[in-house]
Amino acid sequence: MDYDSRKIEKKWQKRWTKDGVFEADPDPSRPKFFLTCPYPYVNGALHIGHGRTYTVADLIARYNRMRGFNVLFPMASHMTGTPIQGMVDRIKSGDQVAMEQYKRDLRLYLETEEEVEAQLAKFIDPWVTARFFAKAIRQDFDALGYSIDWRRKFATGDKTYNQFVTWQYHKFMDKGYIKQGDYPLLYCPNDGNPVGEDDLLEGATAKVKEFTAIKFDFEDGYLVAATLRPETIFGVTNMWIHPTEEYVWALVNGEKWVVSKKAVKKLKLQAKEVEVLETFPGSKIIGKSFQAVHDGHDIPIFPAEFVDPNNATGVVYSVPGHAPFDYIALRDLWEDPSPLKPYGISAEEVRAIEIISMIEMKGYSEFPAKDAVESRNIKSQAQAEELEAATQEIYKAEFYDGVMKDNCMQFSGREIKDVKEDVVKWMKSTNHIDVFYEPDVRPVVCKCGADVQIGVFAGQWFLDYESTGWKDEAWKALNSMDIVPETFRNLFEATFDWLAQRPCARKRGIGTKLPFDEEWIIESLSDSTIYMAFYTISHKITGNKLKPEQLTLSFFDYVFLGKGGIKKTAKETGISEDLLKSMRDEFAYWYPNDQRHTAPSHISNHLSFAIFHHVAIFPEKHWLKCISLNEHVNLEGARMSKSKGNVFPLVEIPQKYGADVYRTYAVSAAEPGSLMDWRERDVPAVRNRLQSFMEIMQKHSTKEPRVYLKKDKPAAITRWLLSKVNSIIESCTQNLDNFRLRDYAIAVTSEMTRAVNHYLRRPEVPKEEREGTLAYVCDVWVRLAAPLIPHTCEEVWSKMDRDGYISLASWPKPDKKLIDPSIEVAHQVVLSTMRDVREIMKLLKDTKAKKVHVYVAPEWMFQALNSVREAELPVIVGTIMKHLMSNPDFRKYGKQVKNIVDRVAKENGLWDHSSSAADEIAVLLGSANYMSEELGLEVVIQNSESPECDPQNKARFALPGRTSLFLE
RNA sequence: GCGGAGGUAGCCAAGCCAGGUUAAAGGCGCAGGACUUAGGAUCCUGUUUCGUAGGAGUUCGCGAGUUCAAAUCUCGCCCUCCGCACCA
């Protein structure tokens, strides 16, 4: 029997919407629960990975709703920043790849190719794109049964929302958290824009690498060499200049510098004023000398072909003792000084150069560069790869293990990893330092085809997370909030440590203008930090058609901070006092945000910013309470990516599998903290579990529920089921409270089914008792399952003729008096006995048994173990022996006591069993028919103290909770 | 490079924080059985090795250590994944 999930799901979704079931308004009589999940970015279709996060959030919302909370779960759409704008630009320019990408998404929502083309043609306006996908995604969410209050939806591009972001930035400015300064980033000279990962044709992983530019005194200016190892200036023996490449004397910020001609453009991009005075081939200065930074002694300039004029300044200082490239270049000149002749440098002059050893390091000689070159057997400068490997080796080794030698002035004796910064500081104090940026990988190519450089933005706006006091407050918030799973707290802590200054405005994309400098647009991550507050009033802004200009700074001050007085605010904004008050009240009711649920990849930015921005703006009682996280989703073992084309769109889920099947899969396939794999192959199993649930419900839920108490003398297995079900209520509640969602889902879909199926197989239960009990179980079960599979459960609920929606029904409470651990333990005896019988039957092979004698341990053993349990003794043979032998009741069994104590020691402690032999016998007797049927044997239960039949003397092996057997 | 997470049986995935009740939940796959015209449906059973009596051996990336006791704690090593700032 199949049930039409599609039809059922649609039906309930329509009713929920019609009755506004999930529209939440303040209700002071009920506790509130305000849950948020980041709004989706509306520039394309979502995939099943997004769905996992939203499904988990919805599960949390529904669970809390059933627990009696007034739950607010709102949603909006994100459209600010560069992605939508970028795609619009690419569509406008006729970019085929971009158009194809959009077409793929559009086909998911539109029937014909004509419609797709027509819609695509409209995507030259970011608002059209955003609205299209916002609507599509809302439909996707509805089709998955998410219990969202849509009245509060908005888009981050809304003018009213911009006002809110503006307010936030004024608050930061007031606090002095916003600063301006220079900032390097990847930049396309052709487009005149910074470039992000998406803008790159090649070198997508490129980052900015900072070189220290060292200004060596040279003639009436500086010879400027760039390095990653400024501490090596004490080991400089010469300079390397490419003889045939062009160099310049240039006025750089008023100083005379020698750099390669190719470096000039870069310096200009890096916010330096540069005027070229003279261009000349490198050969012109080769043979001259310049002065060391630390002691001013003369050092010669030599020619070298390996110098790349396009890398940094094209000027390289030589430290042959510690740099393999330099070592081998110098060695070559020693062996063959002839290239030096044209520059008037004699062979003696070169050979007179002494390699300087300036870093002490274990495992290396005084010249580590020499060691590295020789151990790799490098013969020539042309072996660039080997030389690079040697360089890396020395760099790493010296960084971690190296110590500055005596010839390093005040830095002598210090470790390299600590001394770098101080050496730079010291040189800076004498004006011998500047910085030069390069991309860390080459080549980096913009989509426009141009070579990407580093641009320095003078006057870049920053949020300074290191502003006095800010971090302390943020730490305070983090330390007092819940992070679930707790393992992600480390990542927050690492982020908090590392957060410093972050650019907060950029020059392109959609967004709110920076109020202090309208050329800049506020970085879109700042849109998503405190906007949960906006949900509390957004439906009133749209509902009352408030205009952006009414949403002034004092408006937000009043509504969110209670500042400024209602009369004054009403007058200034033209908003009625009633409306203002209702907004203030609504904010005060819902805030703070009780739980924010998203993916861990947002920890290092969005989530940390959310904490920082909250503490900056709101009083402590309105800080975030809890952040919960779930990892991403892989598709058939591989990471989903649009470029690889292995993306499973969320929109296809309800059609293909049904919302409840997906929800169950998404929650039960992995704990939230770990990566989940979507495997097509596993889906049918999930569907089958829901099918079983539905079938049991159809058969058993509509009868009159009745709870059989002990005094009603029901079958033992009925009491077992009642106990089991109530235990499951307890564990489900605990698991949901502790974010162990997978365990909850498994309990509800697997464990319950197994228990009920077992019960149905027990022949000893009278029909009436079975029906009443199962009706009770179904009533509990359907409510336990409702947060996970709401559509199916609504359907069952309505068939059960219950009032209202199960979505709003109450979460079951465990009935403690029905939970009886001993009966669950006793049930284990039945199962383990059956398992043992099967095992023996297997071993008997040819011999067919007809009858099994089951021996229950003697009563004194039960008493003995109970007594040990009560005494809470450590598992030490002597101690337990002493305890038991001191009691004459046990003493008389002397040798056997030793046996069970040995067994306890071997098992590393006590095990569960019924409290008396009589109980165990009763349970086994009650299950005898069932066992007999399952095993195909006659089952005889016997007391081992007086067995009626024990031809092989097996009875003596029986232990409490572990029967002994004889098969014949 | 910096920071974070992780490596568990054929596969996926719990357990690890709070060591013992763990040959290690659950799912998939596989095998056998039941029900059946059939079963890709459902249910039951089994799925490390040895064993004609319920027992024993060896297992949780590799190696060492702490402990009466380690998948769980400590140290070293190997490997995988994720984030790193104009990308949301």
Side-chain angles (χ1 to χ4, degrees), chain A residues 1-2 38 40-41 43 78 80-83 86 183 185-186 193-199 207-208 395-396 399 440 457 460 486-488 490-495 497-509 521 523-525 527-528 600-606 631-632 637 639 668-671 673-677 679 681-682 684-686 688-689 691-692 695 740 742-743 745-747 749-751 753-754 757-758 760-761 832-847 874-876 905 907-912 934 952 954 957 962-967:
Chain A
M1 167 186 19
D2 201 16
Y41 200 85
N43 73 330
H78 194 190
T80 40
T82 52
Y183 191 69
L185 38 76
L186 294 172
N193 260 331
V195 287
E197 220 172 287
D198 294 338
D199 303 313
K207 302 268 181 293
V208 174
Y395 185 102
K396 218 183 263 179
F399 184 81
D440 63 345
F457 268 63
Q460 168 72 52
E486 183 65 28
T487 130
F488 289 111
N490 284 341
L491 212 44
F492 275 100
E493 294 182 344
T495 304
D497 278 334
W498 154 88
L499 265 181
Q501 290 78 36
R502 188 186 159 95
C504 65
R506 50 169 92 146
K507 295 252 173 166
R508 57 177 188 153
I521 289 158
E523 210 278 322
S524 90
L525 276 165
D527 288 352
S528 332
S601 50
H602 296 131
I603 290 174
S604 65
N605 42 59
H606 159 76
E631 270 291 0
H632 290 284
R639 202 187 148 102
S668 63
E671 278 296 344
S674 58
L675 197 69
M676 186 186 107
D677 197 11
R679 293 188 298 179
R681 204 170 71 168
D682 292 353
V686 174
N688 292 340
R689 277 190 278 159
Q691 188 98 16
S692 296
E695 278 167 22
R740 302 174 56 95
R742 186 170 189 267
D743 288 341
I746 287 172
T749 58
S750 287
E751 219 178 313
T753 313
R754 245 198 314 279
N757 278 331
H758 181 85
L760 287 168
R761 291 164 65 85
S832 75
T833 300
M834 283 170 54
R835 196 167 40 238
D836 287 349
V837 172
R838 285 199 175 97
E839 196 173 331
I840 294 165
M841 288 203 305
K842 207 165 69 183
L843 289 172
L844 287 176
K845 287 181 181 160
D846 306 328
T847 339
V875 188
I876 297 167
E907 301 279 330
N908 276 319
L910 298 161
W911 56 90
D912 290 334
E934 288 288 313
Q952 287 194 9
K954 297 286 187 189
F957 296 121
R962 288 173 195 177
T963 55
S964 65
L965 305 169
F966 171 62
L967 273 72

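Just so it is clear, the model here is predicted, and its values are computed rather than measured. Chain letters run A, B, ... following the sequence lines, proteins first, then strands; residues in each count from 1.
- Using a 4.0 Å heavy-atom cutoff across all strands shown, His78(A) reaches sugar-phosphate atoms only and no base atom.
- Within 4.0 Å of Glu671(A), counting heavy atoms only, lie sugar-phosphate atoms of the nucleic acid but no base atom.
- The salt bridge (Lys or Arg N to Asp or Glu O under 4.0 Å) test applied to Arg689(A) returns no partner, not counting sequence neighbours.
- A donor-acceptor contact closer than 3.5 angstrom is absent between the side chains of Ser692(A) and Thr753(A).
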Step by step, work out the side chain to side chain contact (heavy atoms under 4.5 Å, CB included) result for Met676(A) and Glu631(A). CA-CA 7 Å; Met676(A) 186 186 107; Glu631(A) 270 291 0; over 6 Å; no
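- Under the 4.0 Å criterion applied to side-chain N and carboxylate O atoms, Glu523(A) and Arg506(A) are assigned as salt-bridge partners.
- Taking the C1' atom of each, rU66(B) and rC75(B) are spaced 11 Å apart, rounded to whole Å.
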Please list, for nucleotides 21-25 of chain B, all pairs of protein and nucleotide N/O atoms separated by less than 3.5 Å.
residue	atom	partner	partner atom	Å
rA25(B)	N1	Arg742(A)	NH1	2.9

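- Base pairing of rC84(B) is made with rG1(B), judged by Watson-Crick or G-U wobble geometry with both donor-acceptor distances under 3.5 Å.
- In this structure, rA24(B) makes no Watson-Crick or G-U wobble pair, since no nucleotide meets both defining distances under 3.5 angstrom.
- Legend: residues meeting side chain to side chain donor-acceptor pair (under 3.5 Å) with Asp527(A), ordered by chain and number and at least two apart, are Thr80(A).
- Nucleic acid contact class of Val195(A) (heavy atoms, under 4.0 Å, all strands): sugar-phosphate only.
- Within the 4.0 Å cut-off from OP1 or OP2 of rA14(B), at least one side-chain nitrogen or oxygen of Ser674(A) is found.
- Annotation: rA70(B) and rC60(B) have their P atoms spaced 12 Å apart (nearest Å).
- Atom CG of residue Asp743(A) and atom OG of residue Ser668(A) lie 11.0 Å apart, to the nearest 0.5 angstrom.
- Using a 4.0 Å heavy-atom cutoff across all strands shown, Leu965(A) reaches at least one base atom of the nucleic acid.
- Taking atom P on both nucleotides, rU80(B) is separated from rC68(B) by 38 Å, rounded to a whole Å.
- Taking the P atom of each, rC77(B) and rA24(B) are spaced 34 Å apart, rounded to whole Å.
- Atoms CG (Asp497(A)) and P (rA85(B)) sit 18 Å apart, rounded to a whole Å.
- Scored by the side chain to side chain donor-acceptor pair (under 3.5 Å) test, Asp682(A) finds Arg679(A) as partners (sequence neighbours excluded).
- Computed from coordinates, the Leu967(A) CG to rG54(B) C1' distance equals 10 Å when rounded to whole Å.
- Among the heavy atoms of the strands, none lies under 4.0 Å from Phe488(A).
- Searching all strands for a Watson-Crick or G-U wobble partner of rA9(B) with both distances below 3.5 Å returns nothing.
- In terms of heavy atoms, His632(A) sits closest to Ser601(A) at NE2-OG, 3.2 Å.
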Given the rule in the side chain to side chain contact (heavy atoms under 4.5 Å, CB included) test, do Gln460(A) and Gln501(A) qualify, once you have shown the distances and angles that lead to the verdict? CA-CA 11 Å; Gln460(A) 168 72 52; Gln501(A) 290 78 36; over 6 Å; no
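- By the ring-ring contact (aromatic ring centres under 6.0 Å, His included) test, Tyr395(A) is found to be paired with no residue, residues two or more places apart in sequence or in another chain being considered.
- Look at the C1' atom in both rA25(B) and rG76(B): the space between them is 32 Å, to the nearest Å.
- Across the P atoms, rA71(B) and rA85(B) are found 42 Å apart, a figure rounded to whole Å.
- Remark: Glu751(A) engages Lys724(A) in a salt bridge (Lys or Arg N to Asp or Glu O under 4.0 Å) (not counting sequence neighbours).
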The contact string for nucleotides 41-47 of chain B, one letter per nucleotide 5' to 3', using protein heavy atoms under 4.0 Å with B, S and - for base, sugar-phosphate only and none, comes out as SSSSSS-
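- Across the protein-nucleic acid pair, His602(A) atom NE2 and rA85(B) atom P stand 15 Å apart, rounded to whole Å.
- Within the 4.0 angstrom heavy-atom criterion, no nucleotide atom of any strand lies near Glu493(A).
- Separating the CG atom of Leu499(A) from the P atom of rG3(B) is a distance of 16 Å, rounded to the nearest angstrom.
- Atom P of nucleotide rG55(B) and atom NZ of Lys954(A) are separated by 12 Å, given to the nearest angstrom.
- Between the CD atom of Gln952(A) and the P atom of rU52(B) there is a distance of 16 Å, given to the nearest Å.
- Distances were taken from every side-chain heavy atom of Glu839(A) (C-beta onward) to each of rG55(B), rG4(B), rC82(B); the shortest belongs to rG55(B).
- Nucleotide rG29(B) forms a Watson-Crick or G-U wobble pair with rU47(B), both donor-acceptor distances falling under 3.5 Å.
- Ranking rA14(B), rG54(B), rA85(B) by closeness to the Ile840(A) side chain, first place goes to rG54(B).
- Using the Watson-Crick or G-U wobble rule with both distances under 3.5 Å, rC77(B) pairs with rG61(B).
- Here, rU8(B) and rA13(B) have their C1' atoms 9 Å apart, quoted to the whole Å.
- Remark: rG54(B) base-pairs with no nucleotide; criterion is Watson-Crick or G-U wobble with both hydrogen-bond distances under 3.5 Å.
- For the OP1/OP2 pair of rG27(B) and a distance below 4.0 Å, the side-chain nitrogens and oxygens of Arg679(A) include no atom meeting the criterion.
- Leu675(A) comes within 4.0 angstrom of the backbone, heavy atoms only, and of no base.
- Residues Trp498(A) and Asp836(A) both approach RNA chain B. Their nearest nucleotides, taken by heavy-atom distance, put Asp836(A) toward the 5′ side.
- Base-pair partner of rU72(B): not found among the strands shown (Watson-Crick or G-U wobble, both distances under 3.5 Å).
- Remark: the separation of the C1' atoms in rA38(B) and rG54(B) is 39 Å, to the nearest Å.
- In this structure, the nucleotide among rA5(B), rC11(B), rG15(B) sitting nearest to the side chain of Asn490(A) is rA5(B).
- Phe488(A) pairs by the ring-ring contact (aromatic ring centres under 6.0 Å, His included) definition with nothing, not counting sequence neighbours.
- Both distances falling under 3.5 Å, in either a Watson-Crick or a G-U wobble arrangement, occur for no nucleotide opposite rU36(B).
- The side chain to side chain donor-acceptor pair (under 3.5 Å) check on Ser832(A) picks up nothing, with sequence neighbours excluded.
- With rounding to whole Å, Met841(A) atom CE is found 13 Å from rG32(B) atom C1'.
- Atom-to-atom, CZ of Phe966(A) to P of rA53(B) comes out at 13 Å; the value is rounded to the nearest Å.
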